[in-house]
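Every value quoted in this text rests on a predicted model; they were computed, and no experiment measured them. Only this structure's heavy atoms are used, side chains among them; waters, hydrogens and symmetry mates stay out. Below, read A as the first sequence line, B as the second, and so on, with proteins coming before strands; counting in each chain starts at 1.
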Number of protein chains: 2
Amino acid sequence: MNTRTAAKPRSKPKTKRRTAPKEVRRLQLIEATIACIAERGISGTTMAAVTGRAGLSMGIVSLHFDSKDNLLNATLTHLSQEVRRTWVNVVQDDTMKPAQKLWAVAMSSFDPRIFNPTTIAVWFAYFGEARYRAFYRRIVESFDDERSDVFEELCEHLVPEGTDTLALTNSIETFGDGLWLNAILYPEEFTREYCMIQMATYLAAMFPDHFGDNRAKTVI
Amino acid sequence: MNTRTAAKPRSKPKTKRRTAPKEVRRLQLIEATIACIAERGISGTTMAAVTGRAGLSMGIVSLHFDSKDNLLNATLTHLSQEVRRTWVNVVQDDTMKPAQKLWAVAMSSFDPRIFNPTTIAVWFAYFGEARYRAFYRRIVESFDDERSDVFEELCEHLVPEGTDTLALTNSIETFGDGLWLNAILYPEEFTREYCMIQMATYLAAMFPDHFGDNRAKTVI
DNA sequence: GCAATCACTGAATGACTGTTCACTCATTAC
DNA sequence: GTAATGAGTGAACAGTCATTCAGTGATTGC
């Protein structure tokens, strides 16, 4: 439906190309699913709503994903990968010192591509329903563990020997989770900027030697 | 179906009382709803499931709540009141100093009556779906505001003039929210005790003069 | 040009769900 | 005792939804 027409100049260009590569359709459906979940919740996300939004017919989901469950699964995986890309980009910069990296990874949670009302709403939609939680955990766990490991390793460079860096890592992630939660519940107050300031204050309190006082401002 | 009727035509004392006071039935249904949402999510919480679990018939919900929406509404209100009772109990003790009160209110979030897998799961179930979020917010907002006001007023006793006590209050609530979230996702790691220790560490960092170092342990 | 293939369609199907209401029966008033 | 009351029942109903599949039409291979 939407574009990507065959570039055959000699055949009639009036009809839109109806067939598209598999990956294009899959992404098209995943994006429609995201929009739909954000707007109507998972239980309100019917096949008719998703396919209608994508401008396709009902049968298309079976064709590309077999079932609704598979589509929901693929959507969550897609979201996870987007989050991963966001923080991985940041740690790959080898010119940064551990303190800068830790700061950057923590702040990457507020990158507009992943920190926006639509995306956050979808995360909590999956998270909220018990029947999807196992499903959610299975998909998210490896992504979460990977990030926690990076966090913990960075922490070890910044705190005295003997500090419980796992607890520290958990607390940073916990604070970030709480900010996401409030961002969706009170979007006027917990804007992106406000959340970043809150995180900055938190990091300053936890790593006074590195981000304490007015140091924070220079790193932002 | 699974009646309590005992079916003996004219026998008297063995039949359970079939009628009960309105409040008993309402509570019975609300508790069945809580169990059901925790187990199956909101979309899996059908009238048949709720009434079946309560040991009553399908029509009973219409009788006491008119509709499913009203039942869901009443359930969330019930949960909010339980949370409110928990922290209000704590601040009413006038022998406590502000620092102790703030500590006690923050820790009241981990009272087993409100901090348990079932109850937390239900909170996030309501919270997770966009179509219920407005509904959730309407019910919860006044409860939340009331608690935040108390928190903020207590903060003002503990920090230097000019401190942004609203931001500080928000950050404490945010950290608590994050702990609840992790408690349901990683129940083995984020136990009640672990969450309380995390909160203690957080408060110690934010109020070093009052809960810093080993002070915290004495207040627990 | 023609047949084969492939992407896609959408009405039909069957399973499930919230609500209704005619009915049952325990309790209460007299 | 008898009648009136009203709590409680559950089959029936109307609506919704995911899935299916016979069919359409675009594209490709020859």
### Minimum-distance nucleotide (side-chain atoms of B/M47 versus C/dG18, C/dT9, D/dT9)
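Shortest atom-to-atom distance from the side chain points to C/dG18.
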Atom-pair distance ([atom1] on [X]; [atom2] on [N]), nearest Å:
X	N	atom1	atom2	answer
A/Q28	C/dA7	CD	P	15 Å
A/F65	D/dT20	CZ	P	16 Å
B/K68	C/dG18	NZ	P	4 Å
A/I60	C/dC6	CD1	P	16 Å
A/L63	D/dA26	CG	P	17 Å
B/L29	D/dA7	CG	P	14 Å
A/L56	D/dT24	CG	C1'	16 Å
A/L71	D/dC17	CG	P	16 Å

### Query
Between atom CZ of B/F65 and atom CE of B/M47, what is the distance when rounded to the nearest 0.5 Å?
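That separation rounds to 10.0 Å.
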### salt_bridge(B/R84, B/E146) N-O dist < 4.0 Å
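Result for this pair is yes, salt bridge flagged.
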### Query
Is the closest basic N to carboxylate O distance between A/R147 and A/E152 below 4.0 Å?
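Salt bridge absent between A/R147 and A/E152.
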### Message
Using a heavy-atom cut-off of 4.0 Å across all strands, would you classify A/T45 as base, sugar-phosphate, or nothing?
### Response
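Sugar-phosphate, no base atom in range.
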Answer yes or no: does a side-chain N or O of [X] lie under 4.0 Å from OP1 or OP2 of [N]?
X	N	answer
A/S57	C/dG10	no
A/R25	C/dC8	yes
A/H64	C/dC8	yes

### Task
Mind running side-chain contact (heavy atoms from CB on, under 4.5 Å) on A/E129 and A/I42 for me, showing each step along the way?
CA-CA 9 Å; A/E129 287 247 357; A/I42 284 185; 5.6 Å; no
### Query
For DNA chain D, whose closest nucleotide is more 5', that of B/M58 or that of B/K22?
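Its nucleotide being nearer the 5' end, the pick is B/K22.
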### Message
On DNA chain D, does the nearest nucleotide to A/S62 precede the nearest nucleotide to B/G59 from the 5' side, or the other way round? Give the residue.
### Response
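Residue closer to the 5' terminus by nearest nucleotide: B/G59.
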### Message
Is there a ring-ring contact (aromatic ring centres under 6.0 Å, His included) between A/Y194 and A/F190? Walk through the geometry before answering.
### Response
CA-CA 6 Å; A/Y194 186 78; A/F190 285 76; 5.2 Å; yes
